[in-house]
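Read through the structure below, which is laid out as structure tokens, and then see the notes.
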Amino acid sequence: MIEVIANILTQATHEADPKVTIPEDPKLGHYTTNLAFVFAKNREITPQEAAKDIREDIITTAPKGFFDHIDIAGPGFLNMYLSKETLAKELSSILKLGPKYGSSKEGKGKTVIVDYSAPNIAKPMSVGHLRSTVIGAAVMNLLKFQGYKVIGDNHLGDWGTQFGSLLYAYKHWADQEEFKRKPIDHLVSLYIRFHKESHDNEELMVAAREETAKLQRGDKENTRLWKIFVKESLREFKKIYRRLGVDFDVELGESFYQPMLEGVVQDAISKGIARHDEGAVKIFFENEKFPPTVIEKSDGSHLYATTDLATIKYRMAKWKPVKILYAVANEQALHLAQVFEAARMLDYAPDTELTHVKFGMMLGESGKKFSTRKGEFIKLDDLLERAKEAASEINPDSAERVGIGSVKYYDLSHYRLSDITFDWDLMLNLKGNSAPYLQYTYSRLKNIRKKAKGLKPKIDIGLLGGESEIRAVDALVHFPDAARYAAEKYEPNHLADYLFRTANVLNSFYENSPIISAEKNVAEARLAVAMAGVEVIKSGLTILGIETVERM
Ligand code: ARG
């Protein structure tokens, strides 16, 4: 709706990009604009005077009966109130369109790639990868809702120096029985042992480097073992993906790009942006904007940045995306900034937006970082299992959906750049800003439908004059705005906030505006609001990747 309002304002005032916001207090209108201030400045009149002129123009431009009225508030804000007919039309769209309500064609014909999850082979998936998976999937859904074609790519860490250590450890210390039984656990313990033992043993490091080099040269035995590691890791990752309900359109790991890396180095040298320095090939940035980034070491091996550049080149050729979004931890901000700048200098993605959708850390209950090397990591499967167990105290039948939903929602409801500390009580709080609370609100409203036998939802705004009814309708019609804003910013927390606020309003509506006991006309009008609430909560949760439950 916000873009409809903005269009009306543009038509009325010829202002190309009018700022429209949603007042926090619904009493101040459905939408507000500061346009009068902009106009007053340009024309040397007071904002109050400008506001009066603009108000006339808006009312004559808007479709007849679109606004109820427009107030001039404070020093010159224009507070716009939608008419009852407009609200009724929106409500009826919600009921008619269901999960499509609020979606847009904005991104039609445009492709976006979301690079997310990307765990590393032969290591357990970390909580950081969990965040990437959950945030990446939500951002994908948000953009799909705006009409984009979205391709989710799992950029697996299936190449690199960790394989040298692992190959060495595996060849010397592996216990075949153990490996067969619990492949990843065993690989991880080998990896940890290697790190301990190599700490004061330079020879081990040299040997590991030799194993990496052999793998990169295509050594038969190392390649065979590497394939086993990849296969077993993927098997393990898939279990978690299944539980999280995520699926990838493509899964091209770092190894896929290896044949293209020399080409990237050649491109960079021939463009004059990279040169040999201390034996390595480095890209230097204009004005030393960033420290130089190595793309080829003196032994001819390539780096993480080289792979990311090749990946951009490949993605551009294959999909011509308008955006490539990276749901990757904060810690990699410099790496990605260098890669994006280098890609620009290389002309790899001239008109494509490259954005790091960064996020903070997920900290353990103690507020400390989960760590793999010291062996203190939480296994994601255990974590999800624990969520499920906790949720089964609410209801064993819905435990998986509520438990997984809580973990996801807890993550998505926080501003993604903040660090979050695990807190089971908050995560599963039935009365707080949590998945169970939203799932509960949904099932509560949904159950009215079953109880209200013989009643049909019928929109009649004239019958919905009570405070809690008005607030419910006002909240519902803002769903498209919330989804759009969250998509624009790649910030799912705005949608989560909206859902929480709306759930509060809907619960108060439920308590203050009884349906079954009301007179038939009123009951049916209220039922329409409740069913619109069901649609909106469901649609919002679905975008966040959270399932609803019929009974809590
Ligand atoms: N595998 C990397 C890690 O675990 C994340 C990869 C992110 N994606 C990318 N294109 N660099 O740290």
Side-chain angles (χ1 to χ4, degrees), residues 112-137 139-140 151-163 165-166 184 187-188 191 226 229-230 233-234 236-237 240-241 246 248-258 260-261 264 283 290 293-295 302-316 318-319 321 323-343 346 348-349 352-362 369-373 377-380 416 490:
V112 176
I113 293 175
V114 179
D115 179 314
Y116 74 123
S117 195
N120 299 320
I121 297 296
K123 290 191 196 170
M125 208 188 284
S126 72
V127 273
H129 297 120
L130 176 70
R131 287 211 78 183
S132 172
T133 309
V134 168
I135 293 170
V139 167
M140 282 182 64
I151 296 172
D153 186 359
N154 190 3
H155 191 75
L156 292 163
D158 61 357
W159 203 246
T161 51
Q162 84 256 32
F163 287 101
S165 326
L166 201 65
I184 298 304
L187 289 180
V188 170
Y191 186 73
W226 171 77
F229 301 159
V230 172
S233 296
L234 280 178
E236 202 79 5
F237 297 158
I240 292 173
Y241 292 142
V246 294
F248 299 92
D249 301 296
V250 266
E251 269 185 303
L252 296 175
E254 293 176 20
S255 65
F256 175 79
Y257 300 97
Q258 295 311 304
M260 301 164 225
L261 302 188
V264 170
I283 293 181
F290 303 114
T293 189
V294 180
I295 52 173
H302 298 107
L303 292 100
Y304 189 39
T306 329
T307 310
D308 264 323
L309 286 169
T311 306
I312 293 174
K313 194 177 176 183
Y314 177 82
R315 286 173 176 162
M316 291 307 298
K318 176 126 180 142
W319 293 292
K323 302 167 192 273
I324 309 178
L325 308 178
Y326 295 74
V328 178
N330 245 336
E331 287 130 327
Q332 299 194 27
L334 175 62
H335 162 74
L336 286 175
Q338 288 170 317
V339 166
F340 296 167
E341 184 65 21
L346 282 159
Y348 277 179
T352 295
E353 173 194 327
L354 303 173
T355 298
H356 182 188
V357 178
K358 32 175 114 88
F359 52 81
M361 265 187 291
M362 179 95 95
K369 194 176 168 177
F370 296 102
S371 146
T372 49
R373 268 194 196 163
F377 54 86
I378 272 205
K379 283 207 287 167
L380 286 193
R416 64 175 158 74
Y490 316 132

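Whatever order the structure lists them in is the order used to number ligands and atoms, beginning at 1. Only a predicted model underlies this, so the values are computations on that prediction, with no experimental measurement involved. Starting from 1, each residue takes its place in the sequence as its number.
Applying the 4.0 Å criterion to heavy atoms of V328 picks out, from ligand 1, the atoms 7 (C), 8 (N). Those atoms of ligand 1 with a heavy atom of Y326 less than 4.0 angstrom away are 10 (N). Applying the 4.0 Å criterion to heavy atoms of H155 picks out, from ligand 1, the atoms 8 (N), 9 (C), 10 (N). Counting atoms of ligand 1 from 1 in the listed order, those under 4.0 Å from a heavy atom of Y304 are 2 (C), 5 (C), 6 (C), 7 (C), 9 (C), 11 (N). Close approach of ligand 1 to N120 is summarised as follows: ligand atoms under 4.0 Å from at least one heavy atom of the residue are 1 (N), 2 (C), 3 (C), 4 (O).
At under 3.5 Å, a nitrogen or oxygen of H129, whether backbone or side chain, sits near a nitrogen or oxygen of ligand 1. Note: an N/O pair closer than 3.5 Å links D115 and ligand 1 by distance alone. The shortest N/O to N/O separation between P119 and ligand 1 does not fall below 3.5 Å.
Of the possible polar contacts, none joining the H302 side chain to the T307 backbone as a donor-acceptor pair under 3.5 Å is found. The backbone N or O of I283 lies less than 3.5 Å from no partner atom in the side chain of T293, so there is not a single donor-acceptor pair. With D249 contributing its side chain and G152 its backbone, the two residues share a donor-acceptor pair below 3.5 Å.
At a heavy-atom distance under 4.0 Å, only side-chain atoms of D308, from C-beta outward, approach ligand 1.
Note on ring orientation: taking the six-membered ring where Trp is involved, the planes of Y304 and H335 are parallel (angle under 30°, cut-offs 30° and 60°).
Side-chain contact annotation: N154 with Y241, donor-acceptor N/O pair under 3.5 Å present. For S126 and H129, the side-chain atoms include at least one donor-acceptor pair closer than 3.5 Å.
Taking the centre of each ring, F237 and F248 stay at or above the 6.0 Å mark.
For atom 12 (O) of ligand 1, the closest non-hydrogen atom of the protein is Q332 NE2, 2.8 Å.
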